[in-house]
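A short write-up of the structure that comes next.
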Amino acid sequence: MASDSIVENNGEQKLRLIAKCVVGGVALGLSIWGIHATGLSETLELWVRKKKKPIRVYMDGCFDMMHYGHCNALRQARNLGDQLVVGVVSDAEITANKGPPVTPLHERMIMVQAVKWVDEVIPDAPYAITEDFMKKLFDEYDIDYIIHGDDPCLLPDGSDAYALAKRAGRFKQIKRTEGVSSTDIVGRMLLCVRERSSNEKSNHSSLQRQFSHGHSQKFDDRSGTCISHFFPTSRRIVQFSNGKGPKPDSRIVYIDGAFDLFHAGHVEILRLARELGDFLLVGIHTDQTVSAKRGSHQPIMNLHERSLSVLACRYVDEVIIGAPWEVSKDTITTFNISLVVHGTVAESDDFQQEEDNPYAVPISMGIFKVIESPLDITTTTIIKRIVANHEAYQKRNEKKAASERKYYEEKTFVSGD
């Protein structure tokens, strides 16, 4: 409305007037002490503008086989602005540029929307930032900056997918999270699954070279599981944590599991669990517990990797890193748990056993509830997708590895390092 616009303009003029008065007073005071005040006015003017309009940043990606590296990238992007808009690339665009995705668009959308640092999501985003799409981002979505990591994002012709944004001066770069990638995870799965076959010894070394692409993927011969390159730090855990505990009168809901290869099925059951209380506490089982229950080829992701993926979910308030298999009375008392829940879709039916049921105590206390799982997806589902299409994913990994090697070789040559 016109009257609203007048009021808004008057308000902004008052802010500018206040800023100038403050500048004048501060400048006078500084001049007395012989301190130069140049630039102070511009700083306060910028503050006034920021108060009127939040800084909106855009980041896109495939977000296939979403992991804590993706989440950390989104966290860093969000720190560069006030609102984070995320574009999720379509299945067709991924297939054309990289090969078939492991998870379809609707599952990837669920994953991205659940990340606590994401404010808005755009489905079917293009793989490359074209002039038309960049204009749409600036005009329709009011985007100030386009964000991407310092890892390469190359088109089939070898050109930079973000060249236009860089030329427009609206591009910002974040640091890539070392130690994990979707390529690496696919490699881990193929290595671990093939370890179970009788002919693994003959082709193990070639598989290792094929998927580690220079990172020396390690293999634990004692357990048969793949060792990740991730080294957890207390700072990273703090960055992912909410930093707030439950209130004295909070209804605390507890759910536990491996949460390996964190997927849309996990997200949806966590969403429903959170709706049943005020605070959601998630127990993450140890690598040893998961291996004992599911076989030596699992988990694919280690305990700390799995914990970070769960912590990044907006429905989760806190996690127990290395939760016990059995939910004991001591656990319930220590964490003041009001309700223990479990989904109907799971890797095993331990929660239905009469003997050695890990939920025997909460069942006896009348605080156990089974939730109908919205999606019929498990970690095994994801592994089967990879194995069923291993040739396509093998080619996809080789293609990406080659592009990355070329990019970093050129980068090293140019920098002279």
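- Residues meeting the salt bridge (charged side-chain N to carboxylate O under 4.0 Å, His left out) test with E347, sequence neighbours left out: none.
- For D376, the CG atom counts as loosely surrounded, since its 6.0 Å shell holds 12 or fewer non-hydrogen atoms of other residues, nucleotides or ligands.
- The backbone N or O of S90 lies less than 3.5 Å from no partner atom in the side chain of E93, so there is not a single donor-acceptor pair.
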Test log, rule salt bridge (Lys or Arg N to Asp or Glu O under 4.0 Å), inputs K53 and D82: CA-CA 9 Å; K53 176 192 175 300; D82 302 305; over 6 Å; no

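- In this structure, CD1 in I332 is found 12.0 Å from CD1 in I252, a value given to the nearest 0.5 Å.
- Atoms OG1 and CD1, on T331 and I320 in that order, are 6.5 Å from each other to the nearest 0.5 Å.
- Residues Y145 and L80 are not in side-chain contact: their nearest non-hydrogen atoms beyond the backbone lie 4.5 Å or more apart.
- Taking each heavy atom of A258 and I284 in turn, the nearest pair found is O-CG2, 4.0 Å.
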Would you check, one step at a time, whether the test salt bridge (Lys or Arg N to Asp or Glu O under 4.0 Å) holds for R271 with E275? CA-CA 7 Å; R271 177 179 61 81; E275 291 176 355; 3.4 Å; yes

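- Within the 3.5 Å criterion, the main-chain N or O of I146 finds no donor-acceptor partner in the side chain of R170.
- Side-chain atoms of I122 and Y141, non-hydrogen and from C-beta on, do get closer than 4.5 Å to each other.
- Here the shortest heavy-atom pairing between I174 and A73 reads CD1-O, 3.3 Å.
- The closest donor-acceptor contact from the side chain of E107 to the backbone of A264 lies at 3.5 Å or more, if one exists at all.
- In this structure, F259 and F262 have tilted ring planes: the angle between them lies in the 30° to 60° band.
- The closest side-chain heavy-atom distance from Y315 to V282 is not below 4.5 Å.
- Contact check for Q113 versus V118: no side-chain heavy atoms found under the 4.5 Å cut-off.
- For the side-chain contact (heavy atoms from CB on, under 4.5 Å) test with Y58, the passing option among L137, L84, I147, D144 is L137; the others fail.
- Remark: side-chain polar atoms of D91 are not paired, donor with acceptor, to backbone N or O of P104 under 3.5 angstrom.
- Proximity of a side-chain donor or acceptor of N242 to a complementary backbone N or O of V316 within less than 3.5 Å is detected.
- Taken from SG in C313 to CG in L308, the straight-line distance is 13.0 Å, to the nearest 0.5 Å.
- Proximity of a side-chain donor or acceptor of S364 to a complementary backbone N or O of V361 within less than 3.5 Å is detected.
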Begin from the C-alpha positions of Q298 and I383 and carry the test side chain to side chain contact (heavy atoms under 4.5 Å, CB included) through to its verdict. CA-CA 11 Å; Q298 290 192 43; I383 294 175; 3.9 Å; yes

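- Rounded to the nearest 0.5 angstrom, L311 CG and I321 CD1 are separated by 6.5 Å.
- Note: W117 and F240 have perpendicular aromatic rings, judged against thresholds of 30 and 60 degrees for the angle between ring planes.
- Atom NE2 in H285 sits 9.5 Å away from atom NZ in K293 (nearest 0.5 Å).
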If you apply the rule side chain to side chain contact (heavy atoms under 4.5 Å, CB included), what do you find for V327 with F368, and how did you get there? CA-CA 11 Å; V327 183; F368 180 75; over 6 Å; no

Begin from the C-alpha positions of S307 and Y68 and carry the test side chain to side chain contact (heavy atoms under 4.5 Å, CB included) through to its verdict. CA-CA 9 Å; S307 297; Y68 66 91; over 6 Å; no

List the steps and the verdict of salt bridge (Lys or Arg N to Asp or Glu O under 4.0 Å) for D160 and K166. CA-CA 10 Å; D160 185 354; K166 292 176 181 178; 2.5 Å; yes

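- The shortest side-chain heavy-atom distance between R274 and D317 falls under the 4.5 Å cut-off.
- Shown here for L164 and I129, the closest heavy-atom pair between the two residues is CD1-O, 3.3 Å.
- Distance check, rounded to the nearest 0.5 Å: NZ of K116 to CG of L74 gives 12.5 Å.
- Across all non-hydrogen atoms, the minimal contact from D260 to H263 is O-CD2, 4.2 Å.
- Without hydrogens or angle criteria, S338 side chain to V253 main chain gives no donor-acceptor distance under 3.5 Å.
- The side-chain heavy atoms of M66 and T103, taken from C-beta on, include no pair separated by under 4.5 Å.
- The nearest pair of heavy atoms linking D256 to Y254 is CB-OH, 3.4 Å.
- Within a 6.0 Å radius of NZ in K369, no more than 12 heavy atoms belonging to other residues, nucleotides or ligands are found.
- Judged purely by atom type and a 3.5 angstrom limit, S373 uses its side chain to pair as donor or acceptor with the backbone of T344.
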What do the steps show when you test T381 against T378 for side chain to side chain donor-acceptor pair (under 3.5 Å), and what is the final call? CA-CA 5 Å; T381 304; T378 65; 3.2 Å; yes

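- M59 and A77 get closest at one heavy-atom pair: SD-CB, 3.8 Å.
- Considering only heavy atoms from C-beta on, F171 comes within 4.5 Å of H148 through its side chain.
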Derivation and outcome, side chain to side chain contact (heavy atoms under 4.5 Å, CB included), residues T379 and H266: CA-CA 9 Å; T379 299; H266 291 138; 4.0 Å; yes

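- Using a 4.5 Å cut-off on side-chain heavy atoms (C-beta onward), D119 and R78 make contact.
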